[in-house]
Amino acid sequence: MNLNHMSRAGFAIVAIAACVGAQAAPKGVSASIAAEKAVLGKTDNVTMRVTITNSSSQPQLVLKWHTPFAEVEEALFDVTRDGVKVDYQGAHYKRPAPTASDYYLLKPGASHTVKVELSDIYDMSVTGQYSIRYNAKSLAMFGANERTVGELKSEAVSVWIDGRLPRGTDLTAKAAAPVTPMAAGLSFTKCTASQQTTVSQAIAAAGTMANGADAYMGGSLGARYTKWFGAADTTRINKVKANFSAIKSAFANQAINVDCGCKKTYYAYVYPNQPYKIYVCKAFWTAPLTGTDSKGGTLVHEMSHFTAVAGTDDWVYGQSGAASLAISDPNKAVDNADSHEYFSENTPAL
């Protein structure tokens, strides 16, 4: 979809950048944000105007998933309250590797602005001084052939929120509280009998993959580890070990609910702070049971996203991108959900 057609969706297309200064980005593409209101009350929505500008003399591409020009589907903002990080509460998706159709084309000199309401995807219920920055990061941010992590980052803006909860309320204690498990097992939402059978097989495959990954991490590490997580480093190795131990335990011991009602073209998604519910989408049903980008691997990917499990992010999608990330930035590879999936699927076998 060309950005010139975005007005059909109600987006504002403007010729100048927003008031807040933007930080320079590769290829001359920059981002800036401005708050609709600097002081907000308990019932106010926290709304930002986000502008992405191409200040270069050449057309530039930006990955759709990491822009706010449609539904916000990633953690595109860094938010702090009185210096404490405010966690993203929106969905994390598993997508295929990006293709040409997954990019917006920004013409030379064009700026595009849209309003984004943040209250539903970041918890701003506590009174305090909030700092908000647009900060989108992805391996293929500016083109499918990019081999380094690109970043589209704005300056921060500050807003004061008179929230429902008093200043100083500790939300991290609530977030860190252990999830009370129900009896281990699998339940379904919006799934036909046939879909329930398929999901049950996929859960079993995911459990087998998680067990195999955990067992591998307990032994001598070789090409399989370096392929997906990069050079051996004690801190990173321990992180991956802990991640797979937690993923294995979740499949074995937690009550998992799978929702089959998603009509998006993606594989699946979860809300990281809502374990252990997994929403499967259209690409899930056509994926193989095992192997690359499989049903079982998709469930490993999604399980790794839960903050109660491994808390992974989506730095890159696809085998090629994940392998490149292991070389260029292994610290991000050990935090990347697809890297955990491909390590678990292990196809081709290493």
Side-chain angles (χ1 to χ4, degrees), residues 9 11 31 33 35-36 40 44-50 52 62-81 84-96 98 102 114-126 130-138 141 151-154 156-157 159 161 163 171-172 174-176 179 189 257-259 261-284 298-299 301-317 332 335-338:
F11 301 133
I33 63 173
E36 288 282 279
L40 300 103
D44 289 330
N45 291 328
V46 182
T47 303
M48 293 285 152
R49 295 194 313 273
V50 181
I52 296 179
V62 179
L63 189 58
K64 291 179 181 179
W65 310 328
H66 294 284
T67 73
F69 294 125
E71 181 182 356
V72 175
E73 295 180 334
E74 291 293 343
L76 300 181
F77 297 84
D78 291 337
V79 182
T80 62
R81 181 190 66 255
V84 177
K85 181 181 177 182
V86 177
D87 290 333
Y88 170 69
Q89 296 185 320
H92 275 305
Y93 292 84
K94 172 175 167 58
R95 301 178 173 94
D102 294 311
V114 66
K115 292 182 181 180
V116 181
E117 203 280 291
L118 298 182
S119 309
D120 290 338
I121 52 177
Y122 295 89
D123 190 339
M124 299 181 179
S125 60
V126 178
Y130 286 75
S131 175
I132 302 169
R133 180 195 305 272
Y134 185 83
N135 190 8
K137 303 177 289 289
S138 175
M141 175 72 76
E151 187 173 40
L152 193 53
K153 187 175 184 179
S154 75
V157 299
V159 297
I161 300 177
L171 294 178
T172 60
K174 177 182 177 182
V179 176
T189 302
N257 178 263
V258 176
D259 189 309
C262 172
K263 303 305 181 186
K264 294 179 180 287
T265 58
Y266 311 140
Y267 285 90
Y269 68 94
V270 298
Y271 293 94
N273 292 328
Q274 298 178 22
Y276 295 89
K277 185 163 187 173
I278 300 173
Y279 300 80
V280 293
C281 304
K282 286 185 176 181
F284 176 85
T298 292
L299 296 177
H301 174 119
E302 297 304 333
M303 186 64 77
S304 77
H305 276 319
F306 291 122
T307 52
V309 181
T312 60
D313 209 332
D314 288 315
W315 291 97
V316 63
Y317 297 102
K332 289 184 174 64
D335 186 46
N336 187 54
D338 253 6

*Considering residues at least two apart in sequence or located in another chain, which fulfil the side-chain contact (heavy atoms from CB on, under 4.5 Å) criterion with T47?*
E36, N45, K115, E117
*Centroid-to-centroid, F77 to Y134, below 6.0 Å?*
yes
*Supply the atom-to-atom distance S138 OG to L63 CG, rounded to the nearest 0.5 angstrom.*
5.0 Å
*asked:* Would you say the rings of W65 and Y317 are close, in the sense that their centroids are separated by under 6.0 Å?
replied: yes
*asked:* I need the T80 OG1 to Y122 OH distance, nearest 0.5 Å.
replied: 11.5 Å
*Would you give the length of the straight line joining atom OG1 of T307 to atom CG of N273, rounded to the nearest 0.5 angstrom?*
4.0 Å
*All pairs passing salt bridge (Lys or Arg N to Asp or Glu O under 4.0 Å) where residues 272-284 contributes a residue, at least two apart*: D259-K277
*Rounded to the nearest 0.5 Å, what's the gap from CG on N336 to OG on S304? Could you check?*
8.5 Å
*What class does the angle between the rings of H92 and H305 fall in, given that below 30° is parallel, 30 to 60° is tilted and above 60° is perpendicular?*
parallel
_T298 vs V280 side-chain heavy atoms within contact, under 4.5 Å_ = no
*Hey, does E74 have a side-chain heavy atom less than 4.5 Å from the side chain of D314?*
yes
_Rounded to the nearest 0.5 Å, what separates atom CG in D123 from atom CG in L118?_
12.5 Å
*Apply the test side-chain hydrogen bond (donor to acceptor under 3.5 Å, both in side chains) to residues E73 and Y269: give CA-CA distance (whole Å), side-chain angles for both, the deciding distance (0.1 Å), then the verdict.*
CA-CA 10 Å; E73 295 180 334; Y269 68 94; over 6 Å; no
*Do E151 and M141 come within less than 4.5 Å of each other through their side chains, counting heavy atoms only?*
no
*Are I132 and M124 close enough that some pair of their side-chain heavy atoms sits under 4.5 Å apart?*
yes
*Answer yes or no: is there a side-chain heavy-atom contact under 4.5 Å between K137 and D313?*
no
*Please state whether the rings of F306 and Y276 are parallel, tilted or perpendicular, taking 30° and 60° as the class boundaries.*
perpendicular
